J.: 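Submitted below is the structure of interest, expressed as structure tokens.
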Number of protein chains: 2
Amino acid sequence: MRVVNTALRHRFDEALRGFLSAATAPLATTAPDLAPFGAAAEAFVLDGGKRLRPAFCYWAHVGVGGDDDDRIVRAAAALELLQAGALVHDDVIDRSDTRRGAASVHRRFADMHRDARWAGDPDAFGQAAAILLGDLALVWADSMLVGSGMPSDALTNALPLWDLMRTEVMCGQYLDVLEQVRGGGSVERALLVAQLKSAKYTVERPLHLGAALGGAPDDTLAAFSRFGLPLGEAFQLRDDVLGVFGDPGATGKPAGDDVREGKRTVLVALGLEGADGSGRRLLAQLLGALDLDASGLATVRDILASSGAVERVEQLIAARLDEAMSALAALPVSESAREALSGLATAATSRDG
Amino acid sequence: MRVVNTALRHRFDEALRGFLSAATAPLATTAPDLAPFGAAAEAFVLDGGKRLRPAFCYWAHVGVGGDDDDRIVRAAAALELLQAGALVHDDVIDRSDTRRGAASVHRRFADMHRDARWAGDPDAFGQAAAILLGDLALVWADSMLVGSGMPSDALTNALPLWDLMRTEVMCGQYLDVLEQVRGGGSVERALLVAQLKSAKYTVERPLHLGAALGGAPDDTLAAFSRFGLPLGEAFQLRDDVLGVFGDPGATGKPAGDDVREGKRTVLVALGLEGADGSGRRLLAQLLGALDLDASGLATVRDILASSGAVERVEQLIAARLDEAMSALAALPVSESAREALSGLATAATSRDG
């Protein structure tokens, strides 16, 4: 899925490359052993990611009349470092071996430990390194935003939102983990997690951040919420569908990983609600089955389709996208920003994954 | 060990209590399930900790002529939230069951999982919750500093140091983990870890932060380094000794935990260097032994004492403390700050733990 256009993506990547090269260089000087640690952070950020959050931030900023220069590109790209930290920790939490089509960070460090025949448990070392590397990415996200060159009054406007966004995503992740172990989640609870983890974190807050950096007043932020929240929910619902039905080549995750991890998505909650007795029992049993194979995944897909859950989710996505597009039409932004945001909205919720 | 005087400690605690109550209140409104998550963060921060880093920051600030008001108390207390995040992650990494004389955060959440008979692995849930709670504490540290009320030019001075400090501590932790698995560490490498993890993080950077918030010029920061770096090393060396010989009632950790975790401290490196062949083999074998009992710990203590390592470390501590005290005499700070910093230095490196 090409969500963000090539020229803008290139600007974000150049900003990230510049920041990371300045941030990692002193590490190797401090201790040569830190070089692989810095390099892993750099590779994780530069080798993947859709730059979706930076794009929302950038277009909100430019749309409200903020300057289109390197400062907002750097500030917006900081969101990608925050996302890197969150994903590295998420993979430790979910024990995911794969991310963006390659080995996850904790897996890479576990392999490094195995190859070097060090003492102790390779997996414990991998987890330790990934926890610390995720922490480092979270710190660097901050540095990149604060050091973006944005004037200090713009930062003063934006930093409370930045903190709120980070609090929301951590709390959303916790509720997500809680839903997985507690099981039997309702559609309402799955929607709350989707709101915190995605609608706010992926769309609404990046828009707010860009608008606040551009000096937009509170009522403009509220208008961005009317666009961003339904769009963000639609995005998460699409992600839920792709997590079960998506092509691993496009998602970067093995087919069925969400099912193996027992994720309690809205799609799953609707499936549990809509399936008949035996379908419900089978679905509940297959959720979180670490040994789920292709035939088990096919069964899950059948139940989700025949229960009407897939159709319901597609309806929810369409309704939310409609709502977002109406709000976009009324958004007080430049026409070029409106067009770009419309393209982002369509691409981020498309079936092509 | 009472390092920080009661009145100042009380001011830090009030600032932390106020911040945390404002930060956790919205969580329970968002979702009642978040209440235990917020409460655990609050309890961890308020139930323990020596407030050593905030005290260094505060006295540097007041010492260079900065205002002694609630703003610097809040900014300095933010260091305690950062430390909370680092410790919660550290306990996951080290798989420590105990912190500050009570169950560690991941252990508490694992117990919550077990008590509720939720699905899946209680330990995996505990780790997930602790990783996210540590992330939240790191975010809140930022919020508390940035929202301390300090003027924006003071924050602009201080934030690059704040970022540098956080990068240093994550890198120091990574090197520490690396030394444990790689084994056979030299005295030099153990000293480098001590410098990054402790000398800079615990003493030098908190001093810099306070001084920078007070508008101190670069040469004053350099003078603080001459005091803080040797003192910080002495503090870490004392901590290493207490980790093996300390009273669990004072350290809050079971006796011998550092040995069980295989920590490659300067004390241990000197022990491996100074012991005879059989002592060295025995020490290497007992380091990282998860089943280390009282008799094993007594053996480790004997080897460290008879190899001369303990005496060497005591000499290193005394020499560094001397160096720090000479630098303190020349530090361009008020006499009341000099006296307070002298008291902190003595208490933080004392044998009483």
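Letters A, B, ... mirror the listed sequences (proteins, then strands); counts begin at 1. It should be emphasised that the depicted structure is a prediction, and the values quoted were computed from it without experimental measurement.
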J.: Among A/Asp153, A/Asp90, A/Asp142, single out the residue with the greatest number of heavy-atom pairs under 4.5 Å to chain B.
T.: A/Asp142
J.: Taking A/Leu164, A/Thr167, A/Val177 one by one, which has the highest count of heavy-atom pairs under 4.5 Å against chain B?
T.: A/Thr167
J.: For A/Leu196, is it the side chain, the backbone, both or neither that has a heavy atom under 4.5 Å from a heavy atom of chain B?
T.: side chain
J.: So which part of A/Val146 gets closer than 4.5 Å to some heavy atom of chain B, the side chain, the backbone, both or neither?
T.: side chain
J.: Distance check, rounded to the nearest 0.5 Å: A/Leu136 atom CG versus B/Glu168 atom CD?
T.: 11.5 Å
J.: Report which part of A/Leu27 has an atom under 4.5 Å of a heavy atom belonging to chain B: side chain, backbone, both, or neither.
T.: side chain
J.: Identify which part of B/Arg95 has an atom lying under 4.5 Å from any heavy atom of chain A, answering side chain, backbone, both or neither.
T.: side chain
J.: Heavy-atom distances under 4.5 Å only: say whether B/Leu159 touches chain A with side chain, backbone, both or neither.
T.: side chain
J.: Around atom CZ of B/Arg281, are there more than 12 heavy atoms of other residues, nucleotides or ligands at under 6.0 Å?
T.: no
J.: Might you point out which heavy atoms bring A/Val139 and B/Met170 nearest each other, and give the distance in Å?
T.: CG2-CE, 4.5 Å
J.: Starting at OG1 of B/Thr30, measure out to CG of A/Leu175 and round the result to the nearest 0.5 Å.
T.: 8.5 Å
J.: If I measure from the heavy atoms of chain A, does B/Leu192 come under 4.5 Å with its side chain, its backbone, both, or neither?
T.: side chain
J.: Using a cut-off of under 4.5 Å on heavy-atom pairs, state which of A/Gly147, A/Ala124, A/Gly288, A/Gly120 scores highest against chain B.
T.: A/Ala124
J.: What heavy-atom pair brings A/Ile93 and B/Ala128 nearest, and what distance separates the two atoms?
T.: CG2-CB, 3.5 Å
J.: Which bit of A/Gln173 is near chain B, if near means a heavy-atom gap under 4.5 Å: side chain, backbone, both or neither?
T.: both
J.: B/Val181, B/Asp163, B/Val92: which one forms the most heavy-atom pairs within less than 4.5 Å of chain A?
T.: B/Val181
J.: Do B/Arg182 and A/Asp33 have side chains that get closer than 4.5 Å, going by heavy atoms?
T.: yes
J.: Side-chain contact test, heavy atoms from C-beta onward, threshold under 4.5 Å: evaluate it for B/Asp135 versus A/Val169 and give yes or no.
T.: no
J.: Say you draw a straight line from OG1 of A/Thr156 to CG of B/Leu155; how long is it, rounded to the nearest 0.5 Å?
T.: 8.0 Å
J.: So A/Phe125 and B/Tyr174, would you call those rings parallel, tilted or perpendicular, with 30° and 60° as cut-offs?
T.: tilted
J.: Which bit of B/Ser152 comes within less than 4.5 Å of chain A, counting heavy atoms only: side chain, backbone, both or neither?
T.: side chain
J.: Using non-hydrogen atoms and a 4.5 Å limit, figure out which bit of A/Met112 sits close to chain B: side chain, backbone, both or neither.
T.: side chain
J.: To the closest 0.5 Å, what do you measure between CD (B/Glu179) and CH2 (A/Trp118)?
T.: 10.0 Å
